[in-house]
Amino acid sequence: MAAADSFRIAPLSEVMAAEIVGLDVSRPLDGETFAAVNKAFLDHQVLCFRGQNLSPDGQIAFSRLFGQVIVHDNSRYALADHQEVLVLSNDVDENGEHIGVVDAGDIWHSDLQFKPRPAKCTILYALRNPSRGGATDFTNQYLAYERLPEAMRMRISGLRGVNSISKLKNSRAPISGERKGAREFYIRQERENPDVEHPLAQVHPETGRTSLYCSPRFTYRLAGLTDEEGDALLDELVRHSGKREFRYRHEWRDGDLLMWDNRCVNHRATGGYAYPDIRLIHRTTVLDRR
Ligand code: SIN
């Protein structure tokens, strides 16, 4: 039996996402198996490998199969000896300090959309889940684009969204009251990450399908339009992009390794848990080739 025949692909919803059953990704994947996994990834946009037992090295090695993995230099929430792995968690250390990013991504977004070279895929490994809450929502942006009225597809053709990491100039991305020093934080981040433009209708480099590429978290205006015209259009697009009919909600199990394609999927964390109910996730991010 070829290695690629040794696992099964089970769709998780009608709009996207599939479970890969029977594959241990801590072992090296041969070329044929990787090709089958990559095809499933492109076909289903979100893949879940259940019951994995992965070290940080194992997660980094798996992530590298898909491209260049980002290194979180100097991030206080990267693993000290594996700077490619960012910790998402509400757990605290002996000094009461958070050990990971607590409030990551609760507004619809696509990872690193504020960078000239955004993320291709994000890979999360769930080591521990709270007894309730903590799900992650996804919306399929191929479907969002395909189900826009023809006139709207024509209207956005050639238009570019302007994306910023800063919430200070984005009325669609409110700053959490709990975040102390937010203003200084976003001013610093903005200095390091100037605004970038990306096409609103984006052709996927591997599948050739077009998706809607904007999000309320990072896209704050449309290039070349007046604020009045651009704001109304962007409001309409972000509302459409998050519609229920395009969504899949992932309810995590311990040992899930979940990856998604940021080139055609938006996502958000849904929260709903609180310390001492612990969520602990290791995240790696692979850059797009652009
Ligand atoms: C993220 O936005 O990368 C994190 C999603 C989550 O924690 O559910």
Side-chain angles (χ1 to χ4, degrees), residues 6-27 29 33-34 36-38 40-63 65-66 69 77 79 82 84-92 98-106 108-109 111 119 121-140 244 246-262 265-286:
S6 64
F7 65 86
R8 198 163 54 79
I9 301 168
L12 285 165
S13 85
E14 299 207 332
V15 289
M16 71 180 130
E19 194 174 316
I20 300 291
V21 184
L23 187 67
D24 175 359
V25 304
S26 68
R27 294 164 180 257
L29 305 189
T33 304
F34 174 70
V37 168
N38 195 46
F41 172 61
L42 296 175
D43 288 347
H44 297 278
Q45 299 86 45
V46 178
L47 286 187
C48 178
F49 305 80
R50 301 274 192 205
Q52 301 296 315
N53 188 358
L54 268 183
S55 64
D57 280 327
Q59 182 170 350
I60 294 166
F62 177 75
S63 306
L65 295 174
F66 295 89
V69 177
Y77 296 128
L79 290 182
H82 294 89
E84 295 89 343
V85 177
L86 190 67
V87 177
L88 311 183
S89 186
N90 61 335
D91 204 358
V92 293
H98 283 121
I99 64 159
V101 185
V102 185
D103 57 354
D106 55 353
W108 289 115
H109 64 286
D111 286 330
C121 56
T122 306
I123 301 174
L124 300 190
Y125 175 47
L127 291 109
R128 186 168 168 190
N129 290 293
S131 55
R132 60 182 188 172
T136 308
D137 278 345
F138 296 92
T139 59
N140 183 331
R244 282 193 185 280
F246 311 138
R247 286 191 209 167
Y248 162 68
R249 169 164 290 192
H250 189 73
E251 305 279 0
W252 292 87
R253 296 184 203 162
D254 292 354
D256 277 358
L257 182 78
L258 191 84
M259 63 184 295
W260 65 85
D261 190 337
N262 287 290
V265 166
N266 281 354
H267 66 282
R268 67 175 180 192
T270 64
Y273 57 94
Y275 187 83
D277 208 4
I278 302 296
R279 186 179 196 247
L280 174 61
I281 286 189
H282 282 177
R283 168 178 155 158
T284 45
T285 310
V286 176

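Computed from a prediction, not measured in an experiment: that's the story for all the values here. Only this structure's heavy atoms are used, side chains among them; waters, hydrogens and symmetry mates stay out.
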Can you give me the closest heavy-atom contact between [X] and [Y], atom names plus distance?
| X | Y | value |
| --- | --- | --- |
| A40 | I9 | CB-CD1, 3.8 Å |
| A126 | I281 | CA-CG1, 4.0 Å |
| V102 | Y273 | O-OH, 4.3 Å |
| S13 | Y248 | CB-CD1, 3.8 Å |
| T270 | A135 | OG1-O, 2.8 Å |

Hey, could you give me the [atom1]/[atom2] distance between [X] and [Y], rounded to the nearest 0.5 Å?
| X | Y | atom1 | atom2 | result |
| --- | --- | --- | --- | --- |
| H282 | S89 | NE2 | OG | 8.5 Å |
| M16 | D261 | CE | CG | 11.0 Å |
| F138 | R268 | CZ | CZ | 11.5 Å |
| D57 | S26 | CG | OG | 12.0 Å |
| L280 | N90 | CG | CG | 9.0 Å |
| F41 | L65 | CZ | CG | 12.0 Å |

Assess the side chains of [X] and [Y]: does a donor N or O sit below 3.5 Å from an acceptor N or O?
| X | Y | answer |
| --- | --- | --- |
| W108 | T139 | no |
| D256 | H250 | yes |
| D277 | S131 | yes |

* Whether over 12 other heavy atoms sit under 6.0 Å from D254 CG ->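 Counting neighbours around CG of D254, more than 12 heavy atoms of other residues, nucleotides or ligands fall under 6.0 Å, so yes.
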
Could you tell me if the side chain of [Y] sits less than 4.5 Å from the side chain of [X], heavy atoms only?
| X | Y | answer |
| --- | --- | --- |
| I278 | P130 | no |
| L258 | I123 | no |
| N140 | V265 | no |
| T33 | F7 | yes |
| T122 | N262 | yes |
| V87 | V101 | no |

For [Y], does its backbone N or O pair with a side-chain atom of [X] as donor and acceptor, under 3.5 Å?
| X | Y | result |
| --- | --- | --- |
| R279 | N129 | no |
| D106 | A269 | no |
| Q45 | A18 | no |
| Y125 | Q52 | yes |

Do NZ/NE/NH1/NH2 and the carboxylate oxygens of [X] and [Y] come within less than 4.0 Å?
| X | Y | answer |
| --- | --- | --- |
| R27 | D24 | yes |
| R249 | D137 | yes |
| D111 | R283 | yes |

Between [X] and [Y], is the ring centre distance below 6.0 Å?
| X | Y | value |
| --- | --- | --- |
| W260 | H267 | yes |
| F66 | F34 | yes |
| F62 | F49 | yes |

* Residues two or more places apart in sequence or in another chain: which of them pass salt bridge (charged side-chain N to carboxylate O under 4.0 Å, His left out) with R247? ->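 Not a single residue meets the salt bridge (charged side-chain N to carboxylate O under 4.0 Å, His left out) criterion with R247.
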
* side-chain hydrogen bond (donor to acceptor under 3.5 Å, both in side chains) with T284: which of H82, E84, Q59? ->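 When H82, E84, Q59 are each tested with T284, the side-chain hydrogen bond (donor to acceptor under 3.5 Å, both in side chains) holds only for Q59.
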
